[in-house]
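So the structure is just underneath, and the comments pick up after that.
Keep in mind that what you see is a predicted model, and the values were worked out from it rather than measured. Just follow the structure's listing: the first ligand is 1, and inside any ligand the first atom is 1.
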Amino acid sequence: MSARRDLGPKPLLGYTANAITRAAERRSDARFLAELEANAAARAYAVGGELVVLKKTASGLDPLFTPADARALARPAETVFLGLRDGAGRFGVGLDPAGVAALKARDDLHVNDLRSIAVQGLTDADHLAAIAEAKALLHWHARHRFCANCGNPTSVVQGGWRRDCPACKAEHFPRIDPVVIMLAVSGNRCLLGRQARFAPLMWSCLAGFVEPGESIEQAVRREIQEEAGIICGRIVYFASQPWPFPMSLMIGCHAQALSFDITVDRSELEDARWFDRAEVADMLMRRHAGGLTTPPPVAIAHHIIRTWVEDQARSPA
Ligand SMILES: [Zn+2]
């Protein structure tokens, strides 16, 4: 028998509603990209490190500039081709982070970090996903200017989706860091942890980077055992989320707990403990008597936890 606990309409998972067609097959056509960028319909997001520049307009905040206007905001770095939106080119313009921070003084602009823009709902959801794409790719460029093979400066090709080394001919591609994020469950209980850097009273899923030579399932079991001392069996994949802080891919899972005595790794977590479904439902809906919370809906942790609370049939244990 499956039990359902309905917490109402499901919120959207942040950074996933990307309406841009990546048009990867056109990235090698430099002339096409140049014409696209010069077209009056081209638009760009302006990103400087963690900061994003938004225009104040009568109808709200607008993250879109012409590519030339975006490059004029501060000292420009790379411009990357994100893809096509309604046939027009959509780009990401990298800017000097200090120069972008200085734009906070301007009355006609709003400068903020992407997390705050997402949590506060300052732009439409499809912009969030496109800005995430731009931010992660521009971060890679900012830290990979030199060939990892021979040390020579590399050049940008393929609309920003590759850097080539003129000396040793090595081709370098943007990297993402896979991270497993998971909820260990057993019957009516689930395991949540707290990192010291979390907001007070917030508890979340455990998480950690996938290591070389490791499957997703192995990484999930290892991280839960390392951080909380819990042995897990069956692992069920839930969903994934691009997480551009700076360039991760969050891989969400549920895990079947086979042991119950928690040993917290204090170097990773401030605390970890078991919670029952009713308490977690109150935390998700911000009505917990003690003020405890889960991460907001923009984060996949919210959805991993919520799905376990709402749909017992999907639980691995
Ligand atoms: Zn090289």
Side-chain angles (χ1 to χ4, degrees), residues 15 18 20-38 42 44-53 65 67-68 70-84 89-101 113-114 129-180 208-216 218-219 240-251:
Y15 314 115
N18 201 339
I20 288 176
T21 303
R22 290 182 179 234
E25 72 283 0
R26 308 303 301 269
R27 289 172 186 164
S28 58
D29 189 342
R31 187 171 161 184
F32 169 77
L33 293 184
E35 286 172 3
L36 208 56
E37 196 180 325
Y45 299 99
V47 180
E50 294 302 309
L51 296 173
V52 181
V53 188
F65 296 82
R71 280 192 289 269
L73 289 167
R75 185 166 57 81
E78 285 81 6
T79 294
V80 295
F81 172 58
L82 302 179
L84 300 171
R90 201 52 81 79
F91 297 85
V93 168
L95 297 167
D96 168 50
V100 170
D113 66 277
L114 182 54
I131 296 168
E133 179 186 348
K135 180 179 182 296
L137 186 54
L138 290 165
H139 171 89
W140 176 74
H141 283 290
R143 281 156 185 77
H144 294 81
R145 301 197 183 288
F146 297 91
C147 179
N149 190 43
C150 76
N152 273 283
T154 52
S155 52
V156 178
V157 295
Q158 299 272 333
W161 291 91
R162 207 175 81 198
R163 295 186 77 102
D164 285 358
C165 176
C168 77
K169 308 300 179 196
E171 297 175 348
H172 301 281
F173 294 87
R175 315 304 300 205
I176 53 168
D177 300 320
V179 173
V180 285
F209 289 105
V210 180
E211 295 186 344
E214 201 172 42
S215 69
I216 290 169
Q218 288 166 337
S240 66
Q241 178 186 33
W243 190 249
F245 307 103
M247 45 200 312
S248 291
L249 175 68
M250 309 301 280
I251 303 165

E50: which residues meet the side chain to side chain contact (heavy atoms under 4.5 Å, CB included) condition with it, sequence neighbours left out?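 Residues passing side chain to side chain contact (heavy atoms under 4.5 Å, CB included) with E50: K135, F245.
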Quick one: list whatever passes side chain to side chain contact (heavy atoms under 4.5 Å, CB included) with I176, sequence neighbours left out. L249
With distance as the sole test, does [X] use its side chain to make a donor-acceptor pair with the main-chain N or O of [Y] at under 3.5 Å?
| X | Y | value |
| --- | --- | --- |
| R163 | H144 | yes |
| W161 | F81 | yes |
| S248 | P178 | no |

Identify which protein N/O/S atoms are less than 2.8 Å from the Zn ion (ligand 1). C147 SG, C150 SG, C165 SG, C168 SG
Scan residues 89-100 for pairs that pass salt bridge (Lys or Arg N to Asp or Glu O under 4.0 Å), counting only residues two or more places apart or in two chains. R75-D96
